[in-house]
K.L.:
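The structure's right below; bear with me while I get my questions together.
Given the structure is predicted, the values throughout are model-derived calculations rather than measurements.
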Protein chains: 2
Amino acid sequence: MKPQARNISNNASATFSPLYRQIKALLLTSLELGEWRPGEAIPSELGLASRFKVSQGTVRKAIDELSAENLLVRRQGKGTFVATHKEPHAHFRFLRLRPMEGKQDYPQMHLLDCRRGRAPVEIARILELKPGEGVVLLRRILSFHGVPTVLDEISLPGNIFKGLTAARISGSQGSLYNLFEAEFGTRMIRADEQIRAIPADAIASELLKVDIGTPLLCVDRVTYTYGDRAVEFRRGLYRTDRHYYSNTLA
Amino acid sequence: MKPQARNISNNASATFSPLYRQIKALLLTSLELGEWRPGEAIPSELGLASRFKVSQGTVRKAIDELSAENLLVRRQGKGTFVATHKEPHAHFRFLRLRPMEGKQDYPQMHLLDCRRGRAPVEIARILELKPGEGVVLLRRILSFHGVPTVLDEISLPGNIFKGLTAARISGSQGSLYNLFEAEFGTRMIRADEQIRAIPADAIASELLKVDIGTPLLCVDRVTYTYGDRAVEFRRGLYRTDRHYYSNTLA
DNA sequence: CAGTGGTCTAGACCACTCT
DNA sequence: GAGTGGTCTAGACCACTGC
């Protein structure tokens, strides 16, 4: 009908972008504000089309991108759903360790500490906190078949994760990210990892039950939520005698 | 016009698949057979639409997928081109090492050997060769700013890389994959990597100029060409004192 | 059956590139 | 201006889900 009615918003000076990207941005805002919760269905394509006064095809293209980014999940005949870390297999989207032999099994978590403190400058910079602002500090072990394999040290912004306690973690099911999205309204959607090989120090050696100096993968991860806001820094030390870090280059 | 004229091929028993996937398969075949060479333009969308007797939109969707898979590259106003490893930055699509300080720089290659031999069982299995079939074996060092950083040992099927010699490699520009696609008609399109941390042995220690036992990343890579055929196995040992392996989880 | 996402078409017009 | 990819629409029908 009206082909080039550009830019829905009132902001006339906004950079031009295709309609479907504007729709995408609107959907993104709704997701961020929690208009639809993880696991729930969003309105149908035709519904959204009429809400936004565009054609179904335009809505489709917006949803296509969001589902390519793992923010939405389409299910033919049922609807389009907000992605979630609830499903068990989602565990392995952010944990790329695979066993050298046998099939993938779920790790068991053992929490070492959960305390509050001030953010060191380096962490504060990454998490975009004011220097000295509060953080929650977690340490934990992941074991496969009883073998301690991952030692994680996790830093989170204190203001977002106010009520986070050891009990709350130990009592929860599935991954931490599932807990975070269900209980704290913060959904992790992307992470950047930097991987190096380092020798095990005394602490890692004891906790992972390997000799001091044993080569370990050191995986530094920054995790982002909506709008590319960094909300987690994590250093993981991985034993790689029975597992490897798996990656696909495409 | 004629909505559901399914399946272009004569094979009536073929599994049904949407038209655009059939178009995609046809394009894939043309790419594999080299109907258009790396870097060249393929016919326009309208041209392909009329060749295949479908609408432009259907061709677009096929090309969309191929370009999402990095097999084609669209350039608005110019055309759609066969992807290539020619561009310098393509180097880093398959080499995920990033400097901890300073900006990305191009590695210098030093070839150690290039010889022919029989494939060990393990390699033969990976490359789907008959046991004992010929392979080409390459070893090389990659250095950044004169610092030896990567030691690669590369196995290739001998029948595909018949004329591959040390001189041919040393005289070439850019990445090995560029050489392979330009001179041997084999384009690498995807790779799976398995990463572990291991201590440097005597050989690695000498070649990478680190102490014996220094933790190194051990990156085992299987590389695939069209049709998911494995055509390279590579073991890389990476120093990670000045670089890290970079990865994004999405 | 109605409602959802998935495919396909035909046609219009925009944005970009090159000549 | 001609030719390319990029966006958008309107409408049709298919495939799947669940009532």
K.L.:
List in chain and number order the residues that pass side-chain contact (heavy atoms from CB on, under 4.5 Å) with B:A49, two or more places apart in sequence or in another chain; answer none if no residue qualifies.
P.N.:
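Partners of B:A49 by the side-chain contact (heavy atoms from CB on, under 4.5 Å) criterion, ordered by chain and then number, come out as B:V59.
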K.L.:
For C:dG6, take OP1 and OP2 only and decide whether either is under 4.0 Å from a side-chain N or O of A:R74.
P.N.:
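Result: yes.
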K.L.:
C:dC8 P sits how many Å from B:F52 CZ, rounded?
P.N.:
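It is 14 Å, rounded to the nearest whole Å.
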K.L.:
Suppose the criterion is salt bridge (charged side-chain N to carboxylate O under 4.0 Å, His left out): which pairs have a residue in residues 95-107 of chain B, not counting sequence neighbours?
P.N.:
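Residue pairs with at least one partner in residues 95-107 of chain B: there are none.
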K.L.:
Measure NZ/B:K61 against P/D:dG5 and give the value in whole Å, please.
P.N.:
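One finds 19 Å between P of D:dG5 and NZ of B:K61, rounded.
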K.L.:
Scan A:R75 against the nucleic acid and name what it touches under 4.0 Å (heavy atoms): base, sugar-phosphate only, or nothing.
P.N.:
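Sugar-phosphate only.
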K.L.:
Can you list the residues that meet the ring pair (Phe, Tyr, Trp, His ring centres under 6.0 Å) rule with B:Y177, with sequence neighbours excluded?
P.N.:
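Listed in chain order: B:H85, B:F94.
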K.L.:
Under the ring pair (Phe, Tyr, Trp, His ring centres under 6.0 Å) rule, collect the residues that match up with B:F184, sequence neighbours excluded.
P.N.:
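Here the qualifying residues are B:F161.
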K.L.:
Rounded to whole Å, please give me the gap between CZ in A:R21 and C1' in D:dT7.
P.N.:
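Whole-Å distance recorded here is 11 Å.
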K.L.:
Output all residues satisfying side-chain contact (heavy atoms from CB on, under 4.5 Å) with B:A83, sequence neighbours left out; order by chain, then residue number.
P.N.:
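Only B:V73, B:R187 meet the side-chain contact (heavy atoms from CB on, under 4.5 Å) criterion with B:A83.
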K.L.:
Could you give the CZ-to-P distance, from A:F81 to C:dT4, as a whole number of Å?
P.N.:
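Result: 11 Å.
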K.L.:
Return no unless some side-chain N or O of B:T58 is found under 4.0 Å from OP1 or OP2 of C:dT9.
P.N.:
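Answer yes for this pair, as a side-chain N or O of B:T58 is under 4.0 Å from OP1 or OP2.
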K.L.:
Applying salt bridge (charged side-chain N to carboxylate O under 4.0 Å, His left out), which residue pairs with at least one partner in residues 170-180 of chain B are found, sequence neighbours left out?
P.N.:
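Sorted pair list comes back empty.
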K.L.:
What residues, two or more places apart in sequence or in another chain, satisfy side-chain contact (heavy atoms from CB on, under 4.5 Å) together with B:L46?
P.N.:
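B:S44, B:Q56.
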K.L.:
Taking only side-chain N and O atoms of B:T80, does any of them lie within less than 4.0 angstrom of OP1 or OP2 on D:dT4?
P.N.:
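The answer is no; no side-chain N or O of B:T80 sits under 4.0 Å from OP1 or OP2.
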K.L.:
Within the pair A:R60 and C:dG6, is there a side-chain N or O less than 4.0 Å away from OP1 or OP2?
P.N.:
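Result: yes.
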K.L.:
When the nearest nucleotide of DNA chain D is assigned to A:V59 and to A:Q56 on a heavy-atom basis, which residue is associated with the more 5' position?
P.N.:
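First, find each residue's nearest nucleotide; the 5'-ward one identifies A:V59.
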K.L.:
Within this structure, what is the CD-to-P distance between A:Q22 and D:dT7, rounded to whole angstrom?
P.N.:
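My rounded result for the distance is 12 Å.
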K.L.:
Is the distance from the ring center of B:H243 to that of B:Y238 below 6.0 Å?
P.N.:
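Between B:Y238 and B:H243, which both carry aromatic rings, the centre distance is not below 6.0 Å.
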K.L.:
With distance as the sole criterion, is a donor-acceptor pair present between the side chains of B:E193 and A:S246 under 3.5 Å?
P.N.:
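No, no side-chain donor-acceptor contact under 3.5 Å.
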K.L.:
Using the salt bridge (charged side-chain N to carboxylate O under 4.0 Å, His left out) rule, collect all pairs that involve residues 45-58 of chain A, keeping only residues at least two apart or in two chains.
P.N.:
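Pairs touching residues 45-58 of chain A that pass the test: A:E35-A:R51, A:E45-A:R60, A:E45-A:R74.
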K.L.:
So, for B:Y106 and B:F144, is the gap between ring centers shorter than 6.0 Å?
P.N.:
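When the ring centroids of B:Y106 and B:F144 are compared, they turn out to be at least 6.0 Å apart.
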K.L.:
What residues in residues 62-72 of chain B put a non-hydrogen atom under 4.0 Å from any atom of DNA chain D?
P.N.:
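When residues 62-72 of chain B is checked for heavy atoms under 4.0 Å from DNA chain D, there are no hits whatsoever.
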K.L.:
Who pairs with B:F81 by side-chain contact (heavy atoms from CB on, under 4.5 Å), at least two apart in sequence or on another chain?
P.N.:
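Residues passing side-chain contact (heavy atoms from CB on, under 4.5 Å) with B:F81: B:A41, B:R75, B:K78.
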K.L.:
Which of residues 38-49 of chain A have a heavy atom under 4.0 Å from DNA chain D?
P.N.:
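Within this stretch, nothing sits under 4.0 Å of the strand.
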K.L.:
Can you name the atoms? Protein N/O to nucleotides 17-19 of chain D N/O, anything below 3.5 Å, with the distance.
P.N.:
| from | atom 1 | to | atom 2 | distance (Å) |
| --- | --- | --- | --- | --- |
| D:dG18 | OP1 | A:K78 | NZ | 3.4 |

K.L.:
To the nearest Å, give me how far apart NZ (B:K24) and C1' (C:dT7) are.
P.N.:
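Going from B:K24 (NZ) to C:dT7 (C1'), I get 15 Å.
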